[in-house]
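Worksheet: one structure, shown below.
Worth knowing before you read on, the calculation uses all heavy atoms, side chains too, and leaves out hydrogens, waters and symmetry mates. For clarity, every value in this text was computed on a predicted model and none was experimentally measured. Order of listing sets the numbers, starting from 1, for every ligand and every atom in it.
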Amino acid sequence: MADALQNYIDGKWLDAQDGERFDVFNPATGEVIATAPSSKASDVELAIDSARRTFDEGGWWPGTTARERGRILLNAADIVRRESERLGQMETLDSGKPIGDALSDIEDVAYMFEYYGGWATKIEGDVQHLSRDAMFMVWKEPMGVAAGITPWNYPMMMATQKLAAAFAAGCTFILKPPEQTPLTCLELPKILEEAGLPTGVFHVLTGFGETAGAPLVASPKVDKVAFTGSREVGKIIMRSGADTLKRVTLELGGKSPNIVFADADPAEAFEGSANGVFWNQGEICSAGTRVFVEKPLYEDAINAFVDHAARIVLGDPVDGSTEMGPLVSKEQQDRVQGYIETGKGEARLAGQGSRPQDPRLVGGYFVEPTVFADVDNHATIAREEIFGPVMSVIPFSKVEDVVAMANDNEYGLAAAVWTRDIKKAMRTAQAIRAGIVWINDTQPAPTEMPWGGYKQSGIGHELGKDGVEDFLERKSVYLNLV
Ligand code: NAI
Ligand code: MG
């Protein structure tokens, strides 16, 4: 019997008012593991009203001290660590990511609570004396009722990096988790309740984007929407949010360049570049999927990538020896497989690229890690976000050329640069229009480091100090002293 999950609204566990539910699948087998409420506007309204009341009546902010808010988040960190094994198993079952990766996500979740627990007591304003007769202050106040609409690639992390920052800032918060992977997000209310979060501050509603997400964006009672997901939905949210001049932060996708110069340490650069595409089944917004390699290393690089892809162990993600699990859904598997077919007509298929034949894998949504060589930077597979384990390798000869190609894309989330020449590394990092640049590494996303995109990869930031700032308004208070 699959678990019947429920929404968490105003401290109560509830079904959708119309009783409608949807199925949640184990992507490794295609089995239904749970059902969840398909929430509609009337359900969302209940959560919004409670979050609004709690904020406006001041029971949360400023009714609690910064110290108390910080303590609650630190308590949540301890509870997540205590429950990490169970939460990691749940994340793997729901998303398909290998158990080792899931456990490391859960540790990141605990640390995010800890990090923003620390920030709660360190939000400070400014004071300036204009003369003896006049001065002003800048107060930092929470934006109010915030909503988080989140994706399935890092289910618990993507939710926590929003709500922990929002709670440190003093906002109340409504979460609409991804329909593909709601399980760990529905553990968050239990964790935060035990941690001491008052009723009415936090709500979680499951459902689909158009029916459960859109009402949060449209509501005049919601002050801010923090979204991570596709660029297309990011645009819908910005358009719909315009009616109420919603504060929005958008963490959208990317088609990030990964540049290997001929003077890089080849073993390190090849290994890193491959991981930058294949980690988490390639379901990473910052994946370095356009791999530019300087001509002297080009053939060696292709061989190394093909070899790397062939060695990756696909399997049941609960098995500790599995390195790559299934994609999150049948829809995503079909999408990625569709891009692989497109790629076969656009570039040279250097490695893999078929559906896995192993009988243990056929029930799940697996895709083989795939390497395309001699890709044109304007090909579909080099332009569009695939969000699966597909690498496009592009040769180059000159620094100017590779910078121009790297920037010739509508996205601008991340980039990686591999070279032992520090000046070349820094000059390339300066020239690239992306919000995150890694030098001789790829993908680390420390909680302390701000995360956000240039161009069509997003607006605003999460993580780091900026992550809290984006849940705060500034109020300038002028004092006449004569
Ligand atoms: P999506 O952008 O449709 O979904 C993300 C979240 O937005 C989910 O919670 C969804 O229910 C919600 N949503 C969808 N439509 C909405 C609407 N009209 N109003 C409010 N909320 C809405 O992403 P999806 O369909 O799961 O994946 C499609 C593609 O998006 C992927 O192949 C990938 O390229 C990209 N993607 C990027 C992510 C990132 O981290 N930047 C994460 C997930 C997907
Ligand atoms: Mg969608």
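Of all atoms in ligand 1, listed by their number and element, those nearer than 4.0 Å to a heavy atom of Gly253 are 41 (N). Atoms of ligand 1 found under 4.0 Å from any heavy atom of Pro151, numbered from 1 in the order shown, are 42 (C), 43 (C). When each atom of ligand 1 is checked for a heavy atom of Arg335 under 4.0 Å away, the hits are 32 (O), 34 (O). Of all atoms in ligand 1, listed by their number and element, those nearer than 4.0 Å to a heavy atom of Cys285 are 39 (C), 40 (O), 41 (N). Applying the 4.0 Å criterion to heavy atoms of Asn153 picks out, from ligand 1, the atoms 40 (O), 42 (C). Atoms of ligand 1 found under 4.0 Å from any heavy atom of Gln180, numbered from 1 in the order shown, are 26 (O). Interface of Lys176 with ligand 1, defined as ligand atoms under 4.0 Å from a residue heavy atom, comprises 8 (C), 9 (O), 10 (C), 11 (O). For ligand 1, the atoms lying closer than 4.0 Å to a non-hydrogen atom of Gly213 are 20 (C), 21 (N).
Checked for salt-bridge contact, Asp15 and Arg21 meet the test: a charged N lies under 4.0 Å from a carboxylate O. The existence of a salt bridge linking Glu410 and Arg383 is excluded, since no basic side-chain nitrogen approaches an acidic carboxylate oxygen closer than 4.0 Å. Between Arg360 and Asp316 there is no salt bridge, since none of the side-chain N atoms of the basic residue sits less than 4.0 Å from a carboxylate O of the acidic one. The pair Arg247-Glu473 meets the salt-bridge criterion, with a side-chain N (NZ, NE, NH1 or NH2) lying under 4.0 Å from an Asp/Glu carboxylate O. A salt bridge links Glu187 with Lys190: the distance from a Lys NZ or Arg NE/NH1/NH2 to an Asp or Glu carboxylate oxygen falls below 4.0 Å. A salt bridge does not link Lys97 with Glu283: every distance from a Lys NZ or Arg NE/NH1/NH2 to an Asp or Glu carboxylate oxygen is 4.0 Å or more.
Distance from atom 12 (C) of ligand 1 to its nearest protein heavy atom, with residue and atom name: Ile149 CG2, 3.6 Å. The nearest heavy-atom contact from the protein to atom 10 (C) of ligand 1 is Glu179 OE1, 3.5 Å. The nearest heavy-atom contact from the protein to atom 35 (C) of ligand 1 is Glu385 OE1, 3.5 Å. In terms of protein heavy-atom proximity, atom 33 (C) of ligand 1 is nearest to Phe387 CG, 3.4 Å. In terms of protein heavy atoms, atom 1 (P) of ligand 1 is closest to Ser230 OG, 3.6 Å. In terms of protein heavy atoms, atom 7 (O) of ligand 1 is closest to Phe227 CE1, 3.2 Å. Ranking protein heavy atoms by distance to atom 8 (C) of ligand 1, first place goes to Thr150 O, 3.4 Å. Shortest contact from atom 13 (N) of ligand 1 to any protein heavy atom: Gly209 CA, 3.3 Å.
Distance check for atom 4 (O) of ligand 1: every protein heavy atom is found at 4.0 Å or beyond. Remark: atom 25 (O) of ligand 1 lies closer than 4.0 Å to no protein heavy atom.
Below 30°, between 30° and 60°, or above 60°: for Phe292 and Phe396 the angle between ring planes is above 60°, a perpendicular geometry. Using a 30° and 60° split on the angle between ring planes, Phe22 and Phe208 fall in the tilted class, from 30° to 60°.
Between Trp13 and Tyr8, a ring centre-to-centre spacing shorter than 6.0 Å is recorded. Outside the 6.0 Å centre-distance limit, the rings of Tyr454 and Tyr411 are not counted as a close aromatic pair.
For the residue pair Asn26 and Glu31, no side-chain donor N or O sits within less than 3.5 Å of a side-chain acceptor on the partner. A donor-acceptor contact under 3.5 angstrom links the side chains of Asn7 and Ser39, judged on distance only.
When all heavy atoms of Phe387 and Gln332 are compared, the closest pair comes out as O-NE2, 3.1 Å.
Considering backbone and side-chain N/O atoms, Gly229 comes within less than 3.5 Å of an N/O atom of ligand 1.
Counting heavy atoms closer than 4.0 Å to ligand 1, residue Glu283 contributes nothing at all. Contacts between Leu216 and ligand 1 below 4.0 angstrom, taking non-hydrogen atoms only, are absent altogether.
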